[in-house]
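The structure appears right after this line, and notes come after that.
Throughout, protein chains are lettered first and strands after them, A, B, ... in sequence-line order, and every chain is numbered starting at 1.
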Amino acid sequence: MKLSNYFLPVLKESPSEAEIVSHKLMLRSGMISQSSSGIYSWLPLGLKVLKKIENIVRDEQNKAGVNEILMPTIQPADLWKESGRYEDYGKEMLRINDRQEREMLYGPTNEEQITDIFRRNVKSYKELPMLLYHIQWKFRDELRPRFGVMRGREFLMKDAYSFDIDAASSEDTYNRFFICYLKTFARLGLKAIPMAADTGPIGGDLSHEFIIISNTGESDIYFDNNILNEGNKISDISYDDDLNPIVEKFKSYYSASDEKHDKAKFDEIVHKEKQMNSKGIEVGHIFHFGTKYSNSMKANVLDSDGKEKTVHMGSYGIGISRLVGAIIESSHDESGIIWPDAVSPFTLGVINLKPKDDEASSIANKVYNQIDDKSEVLFDDKNDNAGVKFSRMDLIGLPHQIIIGSKAVSDGLVEYKNRKSGETEFINLDKLGKFLEEMNV
RNA sequence: CGGGGCGUAGCGCAGUCUGGUAGCGCAUCUGGUUUGGGACCAGAGGGUCGCAAGUUCGAAUCUUGCCGCCCCGACCA
């Protein structure tokens, strides 16, 4: 993509409505544009990141054996009356009447909808466990939206739902998602800590939040520092392995958000110097809630003994749009965003410092065309001053930059810059392809 | 929803107290000089001062009502 063709409205100063760094940087780098409180349009750069995250989440769900479906944003109120949540959910739920005065709602979550799909289509224990997910926009009419996309009213969420024949099987499924989540966040370049959590209005008896450390987070967290190292080998785990002992190992470490924090227990089982206390951002939440919905909505299957059984359910959320902000919170510096490779909107940026010099431009174009075949490249071909180009490229956070300047013409050298370390080195033009290949970009 | 703040050009702000018909920086456009870290010179365009009513000869400025946005708190992925 040539920058001269790209819609990238960057700002030198951040709009006053933004308070935290990720919100400021998202506005400054032209990723989003606010529509109303807690509701945003996604501009090209922001949309690209959103899709990258979405695709990693999707891929890991698929690998874990979860089926993707797509449920509507607008749901009939009747389903929610069946589960009893139409009354319970309160003003956070956006209620709408259609032209026939039928009561509808913009879905804040989909337990009722999915349970309805399940009970219409699944009748036998032989089809269990059944794992389904979708990635869809949700709406929760928050009292006070804030922090940009991290706490919006409209947000993109991956929500998965599981159906099992009994509690034991359902806990195995829960553990499967537990591992799936650790793998997902690791792939996104994040260190997510699983924490025992309250189940809240969704209900149930077993629940974990996945939290990344950040001083702008809304949760107060307490954990054993050793749990951070436990996640290092997570990518080596196969879904065919026995996952339960691995999950039990994670659960054996102390980790809790403030509402579950037990100071006496913390002091007892965690060495003083390993006791960590921090703020964190919740990026995922998994629940095992048994028969709460299947019971009220009569989601039953026939078991091997020919008798009807109420299925055991769980639900598993990842806040995809929130992750965009959360990743920036955990990966930026004073110049701007630093994207982890996996979610970067472009794999690398190419800067032509001499757009008016024919020879330099010819080299830059050649470089761009050569690597654009293999990776996604943003090519700064604009006629701006060097400083403008550098600071813009740093702001939008592409992790790898190729800079073409006077030495390209005189000595056949281009500069590679690592956004994160700031380190640079000159590369011979002939060896650039190989260099990038070795860097895996 | 309680408490607080703010709404003036795309962004950041001054002007409001003390009423006299709108200004600064950045951005944008034109011309020129620049070109390895947000460069310079000259010129230009862009605002029913959130909306409505009122007071007044006259309102960005005073009064009332409404709308929007942000912050703190309680609630949530």
Taking atom types as they are modelled, would you say the side chain of [X] forms a donor-acceptor pair with the base of [N] within the 3.5 Å cutoff?
| X | N | value |
| --- | --- | --- |
| A/Arg28 | B/G38 | yes |
| A/Glu13 | B/G10 | no |
| A/Asn385 | B/G37 | no |
| A/Arg146 | B/C72 | no |

Which part of the nucleic acid does [X] contact within heavy-atom distance under 4.0 Å: base, sugar-phosphate only, or nothing?
| X | result |
| --- | --- |
| A/Ser391 | base |
| A/Glu142 | base |
| A/Arg151 | base |

Can [X] and [Y] be counted as having a side-chain donor-acceptor contact under 3.5 angstrom?
| X | Y | result |
| --- | --- | --- |
| A/His288 | A/Ser170 | yes |
| A/Glu329 | A/Ser22 | yes |
| A/Glu111 | A/Thr109 | yes |
| A/Lys434 | A/Asn428 | no |
| A/Glu171 | A/Asn244 | no |

Among the candidates [options], find the nucleotide nearest to the side-chain atoms of [X].
| X | options | result |
| --- | --- | --- |
| A/Lys354 | B/C1, B/C76, B/G36 | B/G36 |
| A/Leu11 | B/C11, B/G36, B/A77 | B/C11 |
| A/Ser16 | B/A77, B/G73, B/C13 | B/C13 |
| A/Ala386 | B/C76, B/C69, B/G36 | B/G36 |

Exercise. Measure from CG on A/Leu156 to P on B/A77 and round the result to the nearest Å.
Key: 16 Å
Quiz item: For the pair made of CG in A/Asp384 and C1' in B/A27, what is the distance, rounded to whole Å?
Solution: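 Going from A/Asp384 (CG) to B/A27 (C1'), I get 12 Å.
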Quiz prompt | Side-chain heavy-atom pair A/His400, A/Tyr416 within 4.5 angstrom cut-off | solution = yes
Quiz prompt | OP1 or OP2 of B/C71 under 4.0 Å from side-chain N/O of A/Arg144 | solution = yes
Practice problem: Give a yes/no answer on whether the side chain of A/Gln34 brings an N or O atom under 4.0 Å of OP1 or OP2 in B/G68. | Solution: no
Counting Watson-Crick and G-U wobble pairs only, both distances under 3.5 Å, name the nucleotide matched with [N], or none.
| N | value |
| --- | --- |
| B/C51 | B/G65 |
| B/C76 | none |
| B/C26 | B/G10 |
| B/G45 | none |

What's the gap between [N] and [M] when it is taken at their [atom1] atoms, as a whole Å value?
| N | M | atom1 | value |
| --- | --- | --- | --- |
| B/U55 | B/C69 | P | 32 Å |
| B/A39 | B/G50 | C1' | 38 Å |
| B/U61 | B/C6 | P | 15 Å |
| B/A9 | B/A22 | C1' | 11 Å |
| B/A77 | B/G68 | P | 26 Å |
| B/G54 | B/U8 | P | 24 Å |
| B/U64 | B/G73 | P | 30 Å |
| B/U16 | B/C49 | C1' | 11 Å |

Quiz item: Any stacking of A/Phe390 on B/G38, going by centres under 5.5 angstrom and planes within less than 30 degrees?
Solution: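 Stack criterion not met.
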